Amino acid sequence: MDMLINGKLMDKTEKIEIRNPFNNEVIDTVPQGNHEDVQNALIAANRAKKALNDLSSREISENLYGIHEELSKNSKSLAKLITIDCGKPIKDSIEEVNRSIQTILLGAEESKRIYGETIPMDACAGGENVIGFTMRLPLGVVAAITPFNYPLNLAIHKVAPAIAAKNSVILKPSMKAPLTALKMAEIMDFYLPDGALNAVTGHGRTIGDEIVTSPVVNKISFTGSVEIGEHISKQAGMKKLTLELGGNDPLIVLEDADIEKAVEAAVRGSYLNAGQVCIGVKRVILDDKIADEFIQKFVNNTKKLVTGDPMDPETDVGPLINKGAAIEVENRVNEAVNDGAELLCGGKREGTLYLPTILDNVDSKMKIVQYETFGPISPIIRINGIDEAVKVANNTKYGLQAGIFTNNINNAMKAVKEIESGGVIVNKPSTYRMDNMPFGGCKMSGLGKEGIKYAIEDMTKTKIVVINPL
Ligand code: NAD
């Protein structure tokens with residue numbers, strides 16, 4: 001598949017092979033972009049600002065509706081592409097495409113609602129008879145850098161609000177799974193001025209810094225690991241920055257919870273996309289009073305999951321993104337078991353597949369819960385009561401989302417107020433995300449918010465206009 005620069009698909013002789021994570025077959029190649037390609041994309045994006053600004057909000061909205069229709073027509077092939085590109089089970093890829101189509105629709109709607117406000121200037125002495133209002137204006141060029149695990153929806157979460165607010169975009173998808181974002185760019189380009197959306201391929205370590213430090217770029221919207229996010233924030237200088245980084249989200253289950261629902265949430269939240277989800281359930285915090293009952297059901301339901309070929313509609317858990325990632329997960333589990341955790345199920349790797357794994361008696365100090373473990377692992381930490389649950393939940397450097405199951409409003413509200421995270425989800429797992437809600441973490445999980453309306457706020461600047469009538 002090709003890069004998209006200034007409205008043209010571009011190939012190169014230097015290529016990167018893209019492999020299917022399930023069987024390691026080469027499925028395609030993408031051009032290995034270099035300094036010149038990045039510069040061409042930046043020049044095109046800079047030039048396209050005027051064409052975008054010449055469009056009315058109504059025209060921008062109509063174009064986004066057009067993209068929505070075209071993505072809908074291509075939904076089946078996009079879902080298959082996600083599955084061969086990143087190994088996501090096909091039923092979950094279909095869900096990702098459906099969400100993406102909804103995300104672009106939110107962009108089409110929000111593009112017509114970018115309002116300023118009237119300022120009551122006369123609230124201050126000296127403001128009598130003065131008119132003041134704000135306008136929200138585009139920033140210019142947005143760099144959108146995306147990870148492998150939701151290759152379509154996370155790209156749309158950046159491109160849709162950027163275009164809705166009349167910014168041009170330089171998109172750099174992950175080289176672990178670039179194909180769906182490139183297909184998306186090709187589809188979108190038909191509806192946009194040349195250069196309004198550019199998609200450049202190449203390894204982050206070779207072209208990333210050039211994009212991030214370019215004076216043409218006004219805003220960086222990055223989704224990915226804490227490590228790369230920290231590097232980008234050091235390079236970004238005074239540029240506006242949104243960082244959607246890793247998570248280590250807890251699922252707390254208290255003694256008064258609906259156990260059946262909590263077990264269902266733990267299974268779905270822990271193993272969705274083989275645990276490669278930023279808001280996946282990465283720590284299960286159980287009140288000791290219900291722990292044994294919960295664990296028995298949790299293990300039973302986990303054992304029923306089908307692990308294997310992601311293209312098979314029956315598959316629940318597909319491969320990890322590559323063998324290195326699967327070995328890293330295997331090493332974390334082995335280390336935890338050596339340090340005293342009890343393996344209740346799973347704990348086996350076959351190539352890139354890792355069986356859904358539950359570990360009991362996990363200590364908060366173990367690496368498997370101190371760091372984000374991006375795999376189908378459910379470490380259980382036992383606690384007594386809400387106070388200890390909140391303390392354990394907060395005992396990491398991350399703060400993305402958290403889930404709590406309880407029927408006690410006081411316990412729920414204590415979690416809502418005291419858990420340090422971008423969101424607390426009551427009686428659903430941390431994985432719950434509607435694409436219009438404000439989304440983004442605190443602590444090392446990041447800065448700023450996505451969720452179309454909120455991303456538009458971060459992709460526009462406010463200008464105050466003051467009129468002093470003569
Ligand atoms: P990653 O950090 O390895 O890569 C993300 C992107 O950064 C890729 O496009 C990569 O090419 C690029 N990159 C690498 N080096 C760069 C550099 N020097 N400059 C600029 N860009 C560079 O992440 P990944 O492995 O693709 O994704 C997994 C991580 O993403 C996990 O930590 C996960 O929790 C996180 N994630 C967060 C969210 C969220 O919304 N908070 C969503 C999905 C994934």
Side-chain angles (χ1 to χ4, degrees), residues 16 18 21 30 32-33 38 85-88 96 99 103 143-158 170-182 199-214 217 220-236 239 241-249 272-282 320-322 324-325 328-329 371-375 396-401 421-423 430-431 433 435 437-451 454-455:
I16 299 171
I18 307 303
V30 297
Q32 177 146 16
V38 171
D85 203 13
C86 80
K88 184 173 292 173
E96 179 177 349
R99 278 183 62 190
T103 307
I145 304 175
T146 52
F148 75 84
N149 61 337
Y150 280 79
L152 182 61
N153 198 32
L154 294 179
I156 292 185
H157 262 290
K158 301 184 186 308
I170 170 160
L171 169 68
K172 201 214 80 59
S174 164
M175 288 308 98
K176 294 175 196 163
L179 301 180
T180 335
L182 293 177
V200 183
T201 51
H203 292 297
R205 62 180 179 274
T206 47
I207 60 168
D209 286 356
E210 184 160 7
I211 298 173
V212 168
T213 56
S214 164
V217 170
I220 300 146
S221 178
F222 172 80
T223 301
S225 60
V226 169
E227 185 196 358
I228 307 293
E230 279 191 296
H231 171 78
I232 287 177
S233 93
K234 285 180 193 141
Q235 301 283 313
K239 291 189 172 84
L241 200 56
T242 296
L243 296 174
E244 299 286 352
L245 309 180
N248 200 353
D249 292 354
L272 173 65
N273 199 21
Q276 301 167 113
V277 181
C278 56
I279 43 175
V281 171
K282 307 220 173 82
L320 293 172
I321 188 65
N322 52 41
E328 202 176 317
V329 167
Y371 298 94
E372 178 184 47
T373 301
F374 223 45
T396 80
K397 60 180 182 168
Y398 305 87
L400 197 49
Q401 288 202 149
S421 64
S430 54
T431 21
R433 178 181 183 186
D435 291 289
M437 72 189 214
F439 179 81
C442 59
K443 293 160 85 175
M444 296 304 275
S445 291
L447 300 171
K449 294 284 175 204
E450 292 200 327
Y454 306 93

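Nothing here was measured: the structure is a model prediction, and the numbers come from that model. As the structure lists them, so they are numbered: ligands from 1, and atoms in each ligand from 1. We use all heavy atoms of the structure for the numbers below, so side chains are in, but hydrogens, waters and symmetry mates are not.
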### Query
Between D249 and S421, is any pair of side-chain heavy atoms under 4.5 Å apart?
no

### Message
Could you check whether any side-chain heavy atom of I232 comes within less than 4.5 Å of a side-chain heavy atom of I145, counting everything from C-beta outward?
### Response
yes

#### Entry: Contact check, side chains of V212 and V217, non-hydrogen atoms, under 4.5 Å
no

### Results of side chain to side chain contact (heavy atoms under 4.5 Å, CB included) for E372 - residues two or more places apart only
K282, F374, Y398

Would you tabulate the side-chain donor-acceptor contacts of residues 220-228 under 3.5 Å, counting partners in other chains and residues two or more places apart, or write 'none'?
from	atom 1	to	atom 2	distance (Å)
S221	OG	K158	NZ	3.0
S221	OG	E450	OE2	3.4
T223	OG1	K158	NZ	2.7
S225	OG	I228	N	3.3

### Message
I'd like the contact residues of ligand 1, where contact means a heavy atom below 4.0 Å.
### Response
I145, T146, P147, F148, N149, L154, K172, P173, S174, K176, G204, R205, G208, D209, F222, T223, G224, S225, I228, H231, I232, E244, L245, G246, G247, C278, E372, F374, L400, F439

### Query
Got a sec, which residues hit side chain to side chain contact (heavy atoms under 4.5 Å, CB included) with L447, two or more places apart in sequence or on another chain?
L241, L243

